[in-house]
Amino acid sequence: MAEPTRRFAVGYALAPKKQQSFIQDSLVNLARSRGIDLVRIDVEKPLVEQGPFDCVLHKVSGEDWTKQLKEYSAKNPTALVIDSPEAIERLHNRISMLEVVNELEIEAENESFGIPKQIVIYESEKLLDPSSWGEGVKFPVIAKPLVADGSAKSHKMSLVFNREGLKKLKPPIVLQEFVNHGGVIFKVYVVGDYVKCVKRKSLPDVSEEKLRSLEGSLSFSQVSNLSTHERDGGKYYKLMDLEEAEMPPESLITDIAHGLQRATKLHLFNFDVIRDTRIGNRYLVIDINYFPGYAKMPSYETVLTDFFWDVLDKKETGLCKLPVISCEKKARKLVNNNGCEGSDGSLPVSPPSREETENPIQV
C-alpha cells in the first residue's frame, strides 16, 4: 500500500513508564501507515526547539511545562495541544475532580447518577472526630490523598472501618463514603468520541454484621491480597461473581462520558462507576483520570490512530479551534467488554484475563 502523501507529526511528551506502555510498535506502525508519525519529545530540552509538530500529546505537569506549551503554541499557532494543562489540572484534586459530575445535565428514564458523599479534611482534630464530618459520611470510608497527580503517594488509599483506623492517616485527606457495589467496578475509557465500558472485580461488599467485627483499616493492597479462601469463605466480605454483573445502560454511560468531555474539555480520560446495591438503578462516579492506560484496551492502536487522524484532518480543513480541541461528532459510540487496564488510583480491580472478549455496541 502506498504511503500517504500528506504526513502529520504528533509529538508526545510522556513519563518513561507511560511511554513504555503506550508507545508500542503496533501503534507506531499503524499510525505511520495512516500518514501519522509519532515523535518523542525530549522533555530535557526546550519544546520550542523541537518539531515542528502538528499536534502535541502530553502527560507532563508543572509550571515549567505549562509555560513551554504556551510558548510553543505562540510560535506555532496551528499546532494542536491535547489537552489543555488547565483542564487536566482539575483532575489533580479529588474534590474538584468529582464536582464536575454534579454539573452534568443528563436526562435518564429509569436510572440516576451522582457521586458518593465525601469530605476533605485538613486538620488532625477534625479527622479524629467523626461527629464533625457531616451527614452521610460514616464508617466504613475510603481514605484518599487529596492530590491525584499520578504519583505513588497519590495512590496510597485505605478502607477504614472505625475510628482506630483514622490514627494512621495524615491530612489533607479525602474521606469518601464506601458504598456496597457488589464487588464490581465499571471502568469507562474515553478517546474523543469513542467510549468503552468494561467491568472488573473491585472491593467486595462489607455487611453491617462484618463491620462490627472489623478493626482499624486495610490498605487497598491488603484488601486485594486477601487469600481466595478468606474471600470465598465469607470471612470478611460478600463478593459477587463478575460474570453475573449486569452492565450499566449503554445510553447512560455514553451520555455521562460525553457530558464529562464537554464539561472538562478533555479528550483522553477514563472514569470509574459503581452501582449502588442499595438502589439498583443508581450509579456513582467515584474517580476520573487523565490519559489512563490505554495499551491494554483491545484494539487501542486503531482507536487512538482514528482519533489522531480525526482531529488532524479537522485541523487541516479548519474545523478545529486551537489550542484546545473542540471538535465533536453527533454520532455516539459505546463498546462494552470485560477486559481493561489496571487501577488508575481508584478502587483496586483484578487484572484482565485472556478469555475476556470484546462486545461492541453502537448507539
Side-chain angles (χ1 to χ4, degrees), residues 7-32 35-93 96-97 145 147-156 189-192 264-270 288-297 300-301 303-305 307-309 311-312 315 320 322-325 341-345:
R7 304 201 66 81
F8 297 101
V10 175
Y12 60 87
L14 305 171
K17 187 176 180 180
K18 173 66 70 174
Q19 180 177 310
Q20 185 178 15
S21 66
F22 183 76
I23 304 298
Q24 302 284 337
D25 289 343
S26 53
L27 173 63
V28 173
N29 294 335
L30 179 60
R32 183 184 295 127
I36 301 169
D37 298 315
L38 299 178
V39 183
R40 185 179 73 87
I41 293 173
D42 188 345
V43 295
E44 300 298 325
K45 298 179 180 179
L47 181 58
V48 291
E49 297 178 5
Q50 303 179 65
F53 305 113
D54 296 284
C55 172
V56 174
L57 180 72
H58 70 104
K59 190 175 182 181
V60 179
S61 59
E63 293 182 7
D64 179 67
W65 176 249
T66 300
K67 181 181 178 181
Q68 289 197 54
L69 280 176
K70 291 181 178 179
E71 291 176 349
Y72 187 86
S73 295
K75 186 177 179 180
N76 303 272
T78 62
L80 293 171
V81 175
I82 306 175
D83 278 305
S84 160
E86 291 78 12
I88 298 172
E89 184 67 25
R90 184 171 187 175
L91 300 188
H92 289 172
N93 180 294
S96 62
M97 171 199 297
V147 177
D149 58 2
S151 65
K153 184 178 179 181
S154 71
H155 286 239
K156 290 184 177 180
Y189 290 82
V190 181
V191 182
T264 62
K265 297 182 172 61
L266 296 174
H267 300 78
L268 299 173
F269 65 95
N270 81 336
I288 308 174
N289 301 284
Y290 182 68
F291 205 146
Y294 288 117
K296 291 184 180 180
M297 187 172 70
Y300 98 99
E301 302 93 339
V303 174
L304 269 297
T305 298
F307 170 71
F308 294 146
W309 176 259
V311 295
L312 290 168
K315 179 180 83 76
C320 226
L322 307 175
V324 178
I325 303 170
E341 171 72 347
S343 174
D344 289 301

Side chains of [X] and [Y]: closer than 4.5 Å at any heavy-atom pair?
{"X": "Phe307", "Y": "Ile82", "result": "yes"}
{"X": "Leu312", "Y": "Cys55", "result": "yes"}
{"X": "Lys59", "Y": "Leu268", "result": "no"}

Could you pull out the closest heavy-atom pair between [X] and [Y], with the gap in Å?
{"X": "Pro77", "Y": "Ala74", "answer": "CD-O, 3.9 Å"}
{"X": "Ala295", "Y": "Ser21", "answer": "CB-O, 2.9 Å"}
{"X": "Pro52", "Y": "Ala9", "answer": "O-CB, 3.9 Å"}

Rounded to the nearest 0.5 Å, how far apart are [atom1] of [X] and [atom2] of [Y]?
{"X": "Leu57", "Y": "Leu304", "atom1": "CG", "atom2": "CG", "result": "8.0 Å"}
{"X": "Arg32", "Y": "Leu27", "atom1": "CZ", "atom2": "CG", "result": "10.5 Å"}
{"X": "Trp309", "Y": "Thr305", "atom1": "CH2", "atom2": "OG1", "result": "11.5 Å"}
{"X": "Asn270", "Y": "Asn289", "atom1": "CG", "atom2": "CG", "result": "5.0 Å"}
{"X": "Leu30", "Y": "Asp25", "atom1": "CG", "atom2": "CG", "result": "12.5 Å"}

Subject >> Near-ring test Phe22/Phe291, centroid separation under 6.0 angstrom >> reply: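 Yes; Phe22 has its ring centre under 6.0 Å from that of Phe291.
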Subject >> Check: Tyr294 side chain, Glu301 main-chain N or O, donor-acceptor pair, under 3.5 Å >> reply: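 Side chain of Tyr294 to backbone of Glu301, a donor-acceptor pair under 3.5 Å: no, none is there.
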Original post:
Do the side chain of Asn93 and the main chain of Ser96 share a donor and acceptor less than 3.5 angstrom apart?
Top reply: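 Yes; judged by distance alone, with no hydrogens or angles, the pair exists.
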Using side-chain contact (heavy atoms from CB on, under 4.5 Å) as the criterion, list what pairs up with [X], not counting sequence neighbours.
{"X": "Ala87", "value": "Ser84, Leu266"}
{"X": "Lys67", "value": "Glu71"}
{"X": "Gln24", "value": "Ser26, Tyr300"}

**OP:** Using the test side-chain hydrogen bond (donor to acceptor under 3.5 Å, both in side chains), find all partners of Tyr72 that sit at least two apart in sequence or belong to another chain.
**Re:**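 With neighbours one apart ignored, the set is empty.
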**OP:** Please list, chain by chain and in numerical order, all residues satisfying side-chain hydrogen bond (donor to acceptor under 3.5 Å, both in side chains) with Glu89, sequence neighbours excluded.
**Re:**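 Glu89: side-chain hydrogen bond (donor to acceptor under 3.5 Å, both in side chains) contacts with His92.
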Subject >> Worked verdict on Thr66 versus Glu86 for side chain to side chain contact (heavy atoms under 4.5 Å, CB included) >> reply: CA-CA 9 Å; Thr66 300; Glu86 291 78 12; 4.0 Å; yes
Subject >> Aromatic plane relationship, His58 with Trp65 - under 30° parallel, 30 to 60° tilted, over 60° perpendicular >> reply: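 Aromatic pair Trp65/His58 classed tilted.
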Subject >> More than 12 heavy atoms from other groups under 6.0 Å of CD on Gln19 >> reply: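 Yes, CD of Gln19 has more than 12 neighbouring heavy atoms, counting only those of other groups under 6.0 Å.
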Quiz: residues 36-48 side-chain donor-acceptor pairs under 3.5 angstrom, not counting sequence neighbours:
{"from": "Asp37", "atom 1": "OD1", "to": "Arg7", "atom 2": "NH2", "distance (Å)": "2.9"}
{"from": "Asp37", "atom 1": "OD2", "to": "Arg7", "atom 2": "NE", "distance (Å)": "3.0"}
{"from": "Asp42", "atom 1": "OD1", "to": "Glu44", "atom 2": "N", "distance (Å)": "2.9"}

